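Since this is a predicted model, take the numbers as computed values, not measurements.
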Amino acid sequence: MAEDLAWENRSSVSEFILLGFSSQPKMQLMLFVIFLILYLLTLLGNGLIITLITTDSRLHTPMYFLLANLSFLDISYTTTTVPQMLIHLLSKRKTISYARCAGQMYIFLSLGITECILYAVMAYDRYVAICHPLRYTIIMSRPSCIKLAVGSWTCGFLFAMMHTGFTMRLPYCGPNEINHFFCEVPAILKLACADTWVNEVVDFVLGVILLMTPLSLIVMSYCFIFVAVMKIRSTEGKFKAFSTCSSHITVVTLFYSAAMFMYMRPASSYNPERDKKFSLFYNVVSALFNPFIYSLRNKDVKGALVKLICKE
């Protein structure tokens, strides 16, 4: 309650209305069913990945430790926005308080930035495994993996604080209708009753830094990996090396393509209906696909799944 009042004092708007995807009752019911199924599948898929990695000793390696972090991130990521969206699809009152909107934005950005950095850490893991296999267990030791994971989470929460602070410090005098299904930065900035030029510049610069820096490290890692793999004489060896990276490359492409479109473009190009679909893609669809991409292309995960089913 005190937190709500503190946020409200900074703005004359005490709550926002999230318009979501459709104002038609029949369409909302259908969307509720679709999004509920997607959300449950996301929880099931990522939860299963975490369970397999935790219970199967063969998966107690750096690569799968980082994958478990990714699955936990995806569960948290979708849970930040989807349950509220589902409630709003069935209710007439689609409001969110100013403080809760700021909190949702902060948590969403924290998890999103953490995921960006974690993808770079996972690429580094593949680089060490392929380019320095004899030193892999030393470089990617358990303490090192924990430090890299903790560092990713810490950077995510620190940078998100800056991002959220710059957005929510603006005055919001009304209207208070957000044409989105959650409190995302570009949608919120459209409602500010002040000049947002500085915010747009800061958000763009932060977007470039937080997206392009990890992506550059990922590209650099795979350039070294490609050179190392091409030196392998046997075709089978090359295929095996590339197959260990294919899943990661796929999920990185899915996530970064949508995220870069949202956060690395001029504010003038903002289109609510189109942008809601892109947000849905990297928030829900990407998190849904990740466990399936990793399990379908990974013999170890398949083996762990068969082992778990046989125990049952």
| query | Taking it one step at a time, do Glu115 and Asn290 satisfy side chain to side chain contact (heavy atoms under 4.5 Å, CB included)? | reply | CA-CA 12 Å; Glu115 187 153 344; Asn290 284 357; 4.0 Å; yes
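Between Glu177 and Leu191, the shortest heavy-atom distance links the atoms O-CD2, 3.3 Å.
Connection of Ile37 to Leu48 is established within a shared hydrophobic cluster, with ILVMFWY side chains joined at heavy-atom distances below 4.5 Å, either directly or through further cluster members. At a threshold of 4.5 Å between side-chain heavy atoms, the hydrophobic network of Ile, Leu, Val, Met, Phe, Trp and Tyr places Leu31 and Phe181 in one connected group. In the hydrophobic clustering of ILVMFWY residues, with side-chain heavy atoms under 4.5 Å counting as a link, Ile225 and Leu217 come out apart. Connection of Leu29 to Leu18 is established within a shared hydrophobic cluster, with ILVMFWY side chains joined at heavy-atom distances below 4.5 Å, either directly or through further cluster members.
Looking only at side-chain heavy atoms (C-beta outward), Phe289 and Val251 stay at 4.5 Å or farther from each other.
Taking the side chain to side chain contact (heavy atoms under 4.5 Å, CB included) definition, one finds that Phe65 meets it with Asn69, Cys145, Ile146, Ala149, sequence neighbours left out. In this view, Arg58 and Asp56 satisfy the salt bridge (charged side-chain N to carboxylate O under 4.0 Å, His left out) rule, not counting sequence neighbours. Partners of Leu36 under the side chain to side chain contact (heavy atoms under 4.5 Å, CB included) rule, at least two apart in sequence or in another chain, are Phe32, Leu40, Leu86. In this view, Tyr77 and Phe108 satisfy the ring-ring contact (aromatic ring centres under 6.0 Å, His included) rule, not counting sequence neighbours.
In this structure, a donor-acceptor pair under 3.5 Å is present between the side chains of His132 and Tyr127. With hydrogens and angles left out, the side-chain atoms of Arg93 and Thr95 include a donor and acceptor closer than 3.5 Å.
Screening residues 128-157 for salt bridge (Lys or Arg N to Asp or Glu O under 4.0 Å), with sequence neighbours left out, gives no hits. Residue pairs meeting the disulfide (SG to SG under 2.5 Å) criterion with at least one partner in residues 58-113, sequence neighbours excluded, are Cys101-Cys183.
Looking at Asp74, its side chain never comes within 3.5 Å of a backbone N or O of Thr42 through a donor-acceptor pair.
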